[in-house]
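These notes concern the structure reproduced below.
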Amino acid sequence: MFKCSTLKLFPCIALAFLLAVFSVRGNVLAYESFNLNSNQDILIEDFESEDYGEWQVEGEAFGSGPAQGALPGQMEVGGFRGDRLANSYHGGDDSKGTLTSAKFEVKRPYISFLIGGGGYEGETCINLLSGGEVVRTAEGTNTQSGGSEQLMWDSWNVKKLHGKMVQIQIVDSRTGGWGHINIDHIIQSTKARRVVHDKQREFEFSSKYLNFPVKNGAAKRWISLFIDGEKVREFDIEIAPEDPDFWVYLDVSEFAGKTGTLQIDRCSTDWEMGFDAVYQADSFPGQDNLYQEKRRPQFHFTSRRGWMNDTNGMVYHDGKYHLFYQHNPYGWKWGNMTWGHAVSTDLLHWDEWGDAIHPDQMGTIFSGSAVVDHNNTSGFQTGSGEPLVAFYTSAGNNGQWSRGEPFTQSAAYSYDGGRSFTKYEGNPIIGEIAGGTRDPKVFWHDPTNKWVMVLWIKEDIFSLFTSDDLKNWQRRSDIPGFFECPEMFELPVDGDPARSKWVVYGGSGDYKLGDFNGTEFAAETEKIKYEYGNCFYASQTFNNVPKSDGRRIQMGWGRGIKMTDMPFNQMILFPVRLTLHSTDDGVRMFANPVREIANLHNQHWRSSEKLVRPGENPLSDISGELFHIKAVIEPRGADKIEFIIRDTAVSYDSSAQQLSCNGKSAPADLENGKLTLELLVDRMSIEIFAQNGRIYMPMGVDLTGGPKSLGFSSEGGNAFIESLDVYSLNSIWLSE
């Protein structure tokens, strides 16, 4: 130890200078004249300068200098230190390049770095070069769609290279998805700050759930569950290194009494929670507050946990409406596509039965449909019960388990009313046709006594297939003009079965009308716009609705309705009844909320035969969260009439005869001088129906922060209310 006095200040300064640790820019080698603390990290590069200094840059991928986070078109990048990092997304995923350091001496047993981006060995990677040869390498973390740009620590053991002169080379030689690499804070250290590969934990399953902590934006990791050495589950998850945003669960009740091995592909030695925090229990964190969360819709279906999108497999069977849906049980974002499952006896109250069909070695489980095989044409029936048969896309190459597999079409069947499904051992029932072919919609065609499948093939092509047994399918014809999520059914015009027409539509809901002979669809119209809102997509209608009911009931995905800060995301739109009616423009499809909505009615306010002058608000005494509003209004002298729903306006421009809400608009011609409106108001949406269902405008809007007031106003003149009924609604979750 050295001590300095005032008289000895100069010698001490000189000695300190001689003992100092020098580094040249941090991007050249760091070296020591003398080392007082051999445990101190040596910074190789932190990429905090505007350019790369002495690093050699080749190609376009890394730009002229380090990036300040995400680049144009890139997802948010997290986990790097300081303000900058090496990011090869300059120009997008199609650019290529390398970044090579000056030589430096290995002086510590480990070289550690933060890494993210593409997980392609030798293509999106960081290499350690000795004598020009690669002696150590590491790649990023992502190969599939989705993923995270979060950087994580990794380390190389370089003890055997001590004293040698080496270089760092960062490589991007890949194009296409995840064709880039992110690197930051490269250091020499005495401690491995590393990712542990394929760490395992064993569980003797005695409880219902395995609970996992989730942190939005954390690096996605792959989890696998093995039973008796066989993989039974695989999923990626933004597992929380610390302080989770929420918890998700894996239902392991079917493995009760067995021992399972849980494995994570990578986990960090620096994590405070993460993989080691996974535990089993008969409940999951947050269960006590289930369905009471701030942004939980109160009469629209949402899953308990995780992301949801397309409606799937909608079928009525044995007194229950079965709603399957695309589900990521393990995160707030899209991924891990699994068929979630809920049932209802009244189209209002939904009982979530849990996930029905899980990813496997053929792929994740993309959208599809379900039928009741009344006549056991499939031969799946073994007892007295009619089998439910589900059809889905095995979406290969969407996980490690199915890497390299194509998209094919598969089937699964249930003997117990949908409680469990068995995958058909002869899958796939339709092999690869084109990249991404998906979304089989199957129904029974009575005139030809055959099953029919509509399948999206590629670009704007649907194809029609037929089958006698649900296993063997023959391609018959094509229907141009539609993209993914096919639907096809027959409806009477104006209630007359003798004038029925077939309806075909895709993900957007825009439809064609025509004739179908069992093998070919003959379109009689161009594509007709179906809806005018901001959140409708990927809808389906229920198969097998009893003839005594006779309705064609549709439910769609409320796309883009983000449930911020919630442990769930997205919702399903309220069920509507579809009908065909003659109009001045020809036959058109109408949508109206199903009649069951009346079963949620609570308080009722009614106004009729009332003149409303500018400045008046006949709804000023009403407040609440959930409403069903029905109105027949004559604008008369008013330039604009407007409902104000908790600060969100639903407006009608009389001169333009146009209905508007939050930047979306729809033509709505008055009928006999009248506007008919029906509004369904939930916490996260306003679904608008005009002119008795001719106009359908589902709007996703977060109403949770505004006042709970209602308003109606007339501008520029008086409006006349022929009838106005406002019903407050009960929550469908009150009994939970």
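Positions are given from 1, in the same order as the sequence printed here.
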More than 12 heavy atoms of other groups within 6.0 Å of [X] [atom1]:
X: Gln474; atom1: CD; value: yes
X: Glu121; atom1: CD; value: no
X: Asp282; atom1: CG; value: yes

Side-chain contact, heavy-atom cut-off 4.5 Å: Leu348 with Phe574?
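Result yes, sub-4.5 Å side-chain heavy-atom pair found.
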Would you say Phe255 and Leu210 make side-chain contact, with heavy atoms under 4.5 Å?
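They are not in side-chain contact.
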Nearest non-hydrogen partners of [X] and [Y], listed with the distance:
X: Ala412; Y: Ile357; result: CB-CD1, 4.2 Å
X: Tyr249; Y: Arg304; result: OH-CD, 3.5 Å
X: Ser467; Y: Lys471; result: OG-N, 3.8 Å
X: Met273; Y: Asp243; result: SD-N, 3.8 Å
X: Asp439; Y: Cys485; result: OD2-N, 2.9 Å

For Val389, run the side chain to side chain contact (heavy atoms under 4.5 Å, CB included) check against Val372, Val442, Leu470, Val315 and tell me which one passes.
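The passing option is Leu470.
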Start with the C-alpha distance between Phe235 and Phe212, add both sets of side-chain angles, then the distance that settles ring-ring contact (aromatic ring centres under 6.0 Å, His included), and finish with yes or no.
CA-CA 12 Å; Phe235 55 92; Phe212 296 79; 5.5 Å; yes
Using 4.0 Å as the upper bound for N to carboxylate O, is an ion pair formed by [Y] and [X]?
X: Glu531; Y: Arg559; value: no
X: Arg266; Y: Glu139; value: yes
X: Asp236; Y: Arg221; value: no

Is there a donor-acceptor contact under 3.5 Å from the side chain of [X] to the main chain of [Y]?
X: Asp172; Y: Arg174; value: yes
X: Asn328; Y: Lys333; value: yes
X: Asn397; Y: Arg403; value: no

Examine the side chains of [X] and [Y] and answer whether a donor and an acceptor come within less than 3.5 Å of each other.
X: Gln540; Y: Asn312; value: no
X: Tyr413; Y: Ser378; value: no
X: Arg295; Y: Thr564; value: no
X: Glu149; Y: Asn182; value: yes
X: Thr338; Y: Asn336; value: no

Gap separating the [atom1] atom of [X] from the [atom2] atom of [Y], nearest 0.5 angstrom:
X: Met337; Y: Ile365; atom1: CE; atom2: CD1; value: 11.0 Å
X: Ser303; Y: Trp350; atom1: OG; atom2: CH2; value: 13.0 Å
X: Ile561; Y: Gln570; atom1: CD1; atom2: CD; value: 7.5 Å
X: Ile461; Y: Trp456; atom1: CD1; atom2: CH2; value: 10.5 Å
X: Met75; Y: Ser148; atom1: CE; atom2: OG; value: 6.5 Å
X: Leu323; Y: Met308; atom1: CG; atom2: CE; value: 6.5 Å

Please state whether the rings of [X] and [Y] are parallel, tilted or perpendicular, taking 30° and 60° as the class boundaries.
X: Phe421; Y: Phe324; result: perpendicular
X: Phe482; Y: Phe462; result: parallel
X: Trp557; Y: Tyr537; result: perpendicular
X: Phe489; Y: Tyr505; result: perpendicular

Is there a ring-ring contact (aromatic ring centres under 6.0 Å, His included) between Phe465 and Trp473 once you walk through the steps?
CA-CA 6 Å; Phe465 296 74; Trp473 294 86; 7.2 Å; no
Residue pair Thr311, Ile572: steps toward the side chain to side chain contact (heavy atoms under 4.5 Å, CB included) verdict
CA-CA 8 Å; Thr311 53; Ile572 302 301; 3.7 Å; yes
Start with the C-alpha gap between Thr437 and Glu432, add the side-chain angles, then the distance that decides, and say whether side-chain hydrogen bond (donor to acceptor under 3.5 Å, both in side chains) holds.
CA-CA 7 Å; Thr437 295; Glu432 183 180 22; over 6 Å; no
Among Lys450, Arg476, Arg475, side chain to side chain donor-acceptor pair (under 3.5 Å) partner for Thr466:
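Between Thr466 and the candidates, side chain to side chain donor-acceptor pair (under 3.5 Å) is satisfied uniquely by Arg476.
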Pair Glu487-Thr541, side-chain hydrogen bond (donor to acceptor under 3.5 Å, both in side chains): steps then yes or no:
CA-CA 8 Å; Glu487 178 61 287; Thr541 66; 2.8 Å; yes
Stepwise ring-ring contact (aromatic ring centres under 6.0 Å, His included) test for Trp332 and Trp307:
CA-CA 5 Å; Trp332 193 81; Trp307 165 279; 7.5 Å; no
Run the side-chain contact (heavy atoms from CB on, under 4.5 Å) test against Pro440 and tell me which residues pass, sequence neighbours left out.
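Counting only residues at least two positions away or on another chain, Pro440 forms a side-chain contact (heavy atoms from CB on, under 4.5 Å) with Phe391, Thr393, Gln409, Met453, Leu455.
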Option from Tyr279, Tyr209, Phe284 for which ring pair (Phe, Tyr, Trp, His ring centres under 6.0 Å) with Trp247 holds:
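Going through Tyr279, Tyr209, Phe284 one by one, the ring pair (Phe, Tyr, Trp, His ring centres under 6.0 Å) with Trp247 is satisfied by Tyr279 alone.
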